[in-house]
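Down below is the structure, laid out as structure tokens.
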Amino acid sequence: MIPYGRQNISAEDIQAVVAVLRSDFLTQGPAIERFERKVADYCGARYAVAVSSATAALHIASIALGIRRGKRAWTSPMTFVASSNSILYSDGTVGFVDVELETGNMSIRSLRESLEHAEAQGTLPDLVIPVHYSGQSCDMKEISDLSVKYGFSILEDASHAIGGTYNGKPVGSCEFSDAAVFSFHPVKIVTTGEGGMILTNRNDLHEILIRLRSHGITRNPEILNNKSEGPWYYEQLELGYNYRITDLQAALGESQMNRLDEFITRRNTLAARYDFLLKDLPVYPVKVGSNRKSAYHLYPIRISKDYSGKSRREIFEELRGSGIGVQIHYIPVHLQPYYQSMGFKAGDYPVAERFYGSEISLPMFYDLSDEDQDKVVGILKGILER
Ligand SMILES: *Cc1c(COP(=O)(O)O)cnc(C)c1O
């Protein structure tokens, strides 16, 4: 089976992890800060905070941005459930904004309409979480302009998008947001096994994120409430979590970052090859805007219904049956039973539902060979023409 995604681990990666195993610190050692610095520098952001997963990152970043009971956050329904679950963890109220059919990204027109409507109702969001679907940045300038007008914070769910660019700047620079989150799950671009990171240019957010990832505890003498009672002294200032990443993971991430550009180049080459090989077939790859470079975590296509007379499900099952590990990204979050029990229903976000109904993610990963890619396209062609 050719999988839809897969990590690439080099001899250097293994050496980096083994070196940590032989060192004094398995967690909270020097590799974490080195990893954070490396990603922050790559992205051109001032601060980076590494945590145990992107889900944890979204959770504490949304707390740091003020989400609690009575606060509202909007995200995309075309995402993994973690984007919106992170709001529910701290009792915030979730809303969704429909996507564009061509990209799977949050539609600026839908966002504007939803904001106008919410303003009239007195239900404006406190936070918007755009999701950079498949690795392509959303229209961050437009979202940022709307945030100035309507007064919400912006947290980028950039789980798919490390290594991508927007207007020539790396995703994660936070030029148009308060913070951005990356995932280092093995199917993503760079891996630490499990892991995530928050990028920000805001010093106040950085300080609180550092505390929230470790129980809300600080030893910083400048912010202690009471006088230090001795070298052992620490204070818990708010309710935090154990969301720390280990040094083993950070060392792997640090080593993987050395090859990020190589990963992105190969993924873009594969995408261009897919675009070319698929150009005469009745399928529509995600459109990438001219002012951005996708990190191509995924290579999603939409299948034209009327061409072969086959349903998406039939095509999916035939691909799987032929050893092609295709996936579907995503079942719109508002269709999940848990979200339906909160009042969301089918028909609420019609473009996301239409996108879901026709989407298939083809294999896309650094080690996918040209031969395997030809095989994927050949089999897809055969299925569509049969
Ligand atoms: C993978 C993913 C997450 C969660 O990442 P973890 O590191 O597994 O917690 C969140 N949002 C999106 C869009 C993702 O694809």
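All ligand and atom numbering here is 1-based and tracks the order in the structure. Sequential numbering from 1 along the given sequence is applied to the chain's residues.
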Those atoms of ligand 1 less than 4.0 Å from some heavy atom in S83: 11 (N)
Among protein heavy atoms, which lies nearest atom 4 (C) of ligand 1, and at what distance? T55 OG1, 3.7 Å
Strictly by modelled atom types, are Y243 and H59 linked by a side-chain donor-acceptor pair under 3.5 Å? yes
Within the distance-only criterion (no hydrogens, no angle test), does the side chain of H132 pair as donor or acceptor with the backbone N or O of S137 below 3.5 angstrom? no
What protein heavy atom sits nearest atom 10 (C) of ligand 1, and how far off is it? S159 OG, 3.4 Å
Quick one, Y274 with Y296, criterion ring-ring contact (aromatic ring centres under 6.0 Å, His included). Give me CA distance, side-chain angles, the key distance, then yes/no. CA-CA 12 Å; Y274 266 137; Y296 280 111; 9.3 Å; no
For D157, atoms of ligand 1 separated by under 4.0 Å from a heavy atom: 10 (C), 11 (N), 12 (C), 13 (C)
Element-labelled atoms of ligand 1 that are located less than 4.0 Å from some non-hydrogen atom of H160: 13 (C), 14 (C), 15 (O)
By number and element, which atoms of ligand 1 are closer than 4.0 Å to a non-hydrogen atom of K188? 1 (C), 2 (C), 3 (C), 5 (O), 14 (C), 15 (O)
Test your reading of the model: is there a side-chain donor-acceptor pair from D145 to the backbone of E142, 3.5 Å cut-off? no
Which residues share a ring pair (Phe, Tyr, Trp, His ring centres under 6.0 Å) with H215, sequence neighbours left out: none
Could you tell me whether a side-chain N or O of R202 sits under 3.5 Å from a main-chain N or O of Y47, the two making a donor and an acceptor? no
Which atoms from ligand 1 have a heavy atom of T79 less than 4.0 Å away? 13 (C)
By number and element, which atoms of ligand 1 are closer than 4.0 Å to a non-hydrogen atom of Y330? 15 (O)
Is it true that G195 lies under 4.0 Å from ligand 1, counting heavy atoms only? yes
Kindly confirm or rule out a cation-pi arrangement of R312 over Y356, judged by NZ or CZ under 6.0 Å from the six-membered ring centre and within 45° of its axis? yes
Kindly indicate whether a cation-pi arrangement holds for K279 with F276, taking the cut-offs as under 6.0 Å to the six-membered ring centre and within 45° of the axis. yes
Could you tell me whether some N/O pair between A54 and ligand 1 is separated by less than 3.5 angstrom? yes
With a cut-off of 4.0 Å, which atoms of ligand 1 are near a heavy atom of S53? 7 (O), 9 (O)
